[in-house]
Every structure is written in C-alpha cells, then in structure tokens.
Amino acid sequence: MLDAAFGPGRFAKTSERVRERGAMAEPSLSRVALDDHNEVVGVCRIWSVSAGQPFYFLGPLAVDPKAQLAGLGLTLVREAVAACRAKGGNGIVLVGAERFFRPLGFSVAPPGTLSLPGAVDPARLLWLELRRGGLSNARGEIGPP
Ligand SMILES: CC(C)(COP(=O)(O)OP(=O)(O)OC[C@H]1O[C@@H](n2cnc3c(N)ncnc32)[C@H](O)[C@@H]1OP(=O)(O)O)[C@@H](O)C(=O)NCCC(=O)NCCS
C-alpha cells in the first residue's frame, strides 16, 4: 500500500532517515484503516523522537490511491493526533504539505529551530503543540528518543 501511494522514491525521503536512525515506533498511537476485506487502505504512523526535548514524529501517512479523496487521510491523522494528546505528549512534528495538515492545527515550524538528518524544505517542516508551549524547547537535529 505504501509503495502504491508513494512510488519507488519513498525510501529516499529525509523522514525515512529519522525513522531508520533509532526513532521508536509507537504502535498504540499509530492508526491503520482497513476495508471490508480487512485489506490495509490507509496508515498513519507515529514515532517517539527527540531534539532538545521529547516529542512525536508523524509518518508515513498514506492512503491507497483507490481510496483517496474520501476523507480517510484527514481521519487517520485526526485519530493519531487524538491518541498522542491523550497520552500526554508535548507535540508532533512531520514533513508534509501545509495545505493538507493546516486544518488539523499544524503550522510551519519556526525556521532554524529543528532540522532533520538530510535536506528538507523548511516550508514542509510542520508541527503541532499538544499543549501550550509544548514544543518551546524543541531545537536541533531530530534523533532517537
Ligand atoms: C496525502 C494523502 C494521505 C491524503 O489522503 P486522502 O484520503 O486522499 O485525503 P483526504 O480525502 O482526507 O483529503 C482531505 C483534503 O486534503 C486535500 N489533499 C489531499 N492530498 C493532498 C496533498 N498531497 N496536498 C495537499 N492537499 C491534499 C484534498 O484535496 C482534500 O481537500 P478538500 O476537502 O478541500 O477537497 C494521500 O493523497 C496519499 O497517500 N498521498 C501519497 C502519499 C503522501 O504524499 N503522503 C503524505 C506525506 S506527508
């Protein structure tokens, strides 16, 4: 499903470097969408990371091309964010399109605050504080928790 949604370049993404360098998977906070045949048609994964302080890293987010534009992507993120908030997390960081994530409360991270182990367009580095000032100590390169 991830291959179908992202194409062959998905392992080249800088976000993948964060995940392979020791980010800790959080299955209980991640969300998967199944169709009537129990096939996976969507996924939103959450990882524990840190940079100056602990927070969550979101991705990959993907919906099967056959099931896109029906609200599934937004629902998966909304559910994962709710799980992170219920757990009492500081905030969530991701690399993605601001236009898609803005309705869920994400905004562009202040330039120069956070970096990834590789190139990333600063306009696509987004975050969401799960409580007021939750990410105020976030700085530096995102690494393992
Ligand atoms: C991005 C993705 C997960 C969205 O899933 P989806 O189920 O189609 O999304 P939704 O139906 O919930 O879309 C809700 C809104 O987001 C918009 N949207 C969808 N994909 C978008 C994108 N890549 N960029 C900006 N906006 C997007 C839709 O047009 C819709 O807006 P509208 O309600 O104003 O029409 C899906 O297109 C996908 O898997 N893409 C390939 C992988 C990818 O790029 N993942 C994101 C990496 S951060």
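Summarising the geometry, atom OG1 belonging to T75 is positioned 12.5 Å from atom CZ belonging to R31; distances are rounded to the nearest 0.5 Å. Here CG of N90 is found 8.5 Å from OG of S136. Values are rounded to the nearest 0.5 Å. Here CZ of F101 is found 8.5 Å from CZ of R124. Values are rounded to the nearest 0.5 Å. Rounding to the nearest 0.5 angstrom, the gap separating the CD1 atom in I46 from the CD1 atom in I92 is 5.0 Å. Rounded to the nearest 0.5 angstrom, L128 CG and L94 CG are separated by 9.0 Å. Of the inter-residue distances, the one linking W127 atom CH2 with T113 atom OG1 reads 5.0 Å to the nearest 0.5 angstrom.
V108 places a side-chain heavy atom less than 4.5 Å from the side chain of L126. The closest side-chain heavy-atom distance from V49 to V93 is not below 4.5 Å. The shortest side-chain heavy-atom distance between L34 and V40 falls under the 4.5 Å cut-off. Residues R78 and V81 fail the side-chain proximity criterion, which asks for heavy atoms closer than 4.5 Å. Two residues are said to be in side-chain contact when any heavy atoms from C-beta on lie closer than 4.5 Å; F6 and K13 meet this criterion. Contact annotation: the side chain of L61 approaches that of V77 to within less than 4.5 Å [non-hydrogen atoms, C-beta and beyond]. Taking the side chain as every heavy atom from C-beta outward, R45 and L58 never approach each other to under 4.5 Å.
Taking every heavy atom of both residues into account, A23 and P145 meet most closely at CA-CD, 4.2 Å. Here the shortest heavy-atom pairing between P144 and S50 reads O-OG, 2.9 Å. Summarising the geometry of F100 relative to G73, their closest heavy-atom pair is CZ-C, 3.8 Å, with the distance given to 0.1 Å. In this structure, G140 and A51 approach most closely via the heavy-atom pair O-CB, 3.9 Å.
In this structure, the side chain of Q53 engages the main chain of G134 through a donor-acceptor pair within 3.5 Å. Judged purely by atom type and a 3.5 angstrom limit, D3 has no side-chain atom pairing as donor or acceptor with the backbone of G7. T14 places a side-chain N or O within donor-acceptor distance of the main-chain N or O of A119, the cut-off being under 3.5 Å. A donor-acceptor pair under 3.5 Å is absent between the side-chain atoms of E129 and the main chain of G91, judged by distance alone.
Salt bridge E16/R19: present, at least one basic N to carboxylate O contact under 4.0 Å.
Criterion: ILVMFWY side-chain heavy atoms under 4.5 Å apart, direct or through other members. Under it, F57 and L130 are not part of a common hydrophobic cluster. Put simply, L72 and M1 are part of two different groups of oily side chains (I, L, V, M, F, W, Y) that touch within less than 4.5 Å, one to the next. There is a path of hydrophobic side-chain contacts, each under 4.5 Å, that joins W47 to F55. Under the 4.5 Å side-chain contact rule for hydrophobic residues, V43 and V41 do not share a cluster. Taking hydrophobic clusters as Ile, Leu, Val, Met, Phe, Trp and Tyr residues chained together by side-chain heavy-atom distances below 4.5 Å, V32 does not share a cluster with V63.
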Would L125 and L116 satisfy side chain to side chain contact (heavy atoms under 4.5 Å, CB included), going step by step from the backbone distance to the final call?
CA-CA 9 Å; L125 185 56; L116 274 75; 3.6 Å; yes

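Remark: P117 pairs with R17, V18, R21, E141 by the side-chain contact (heavy atoms from CB on, under 4.5 Å) rule, at least two apart or across chains.
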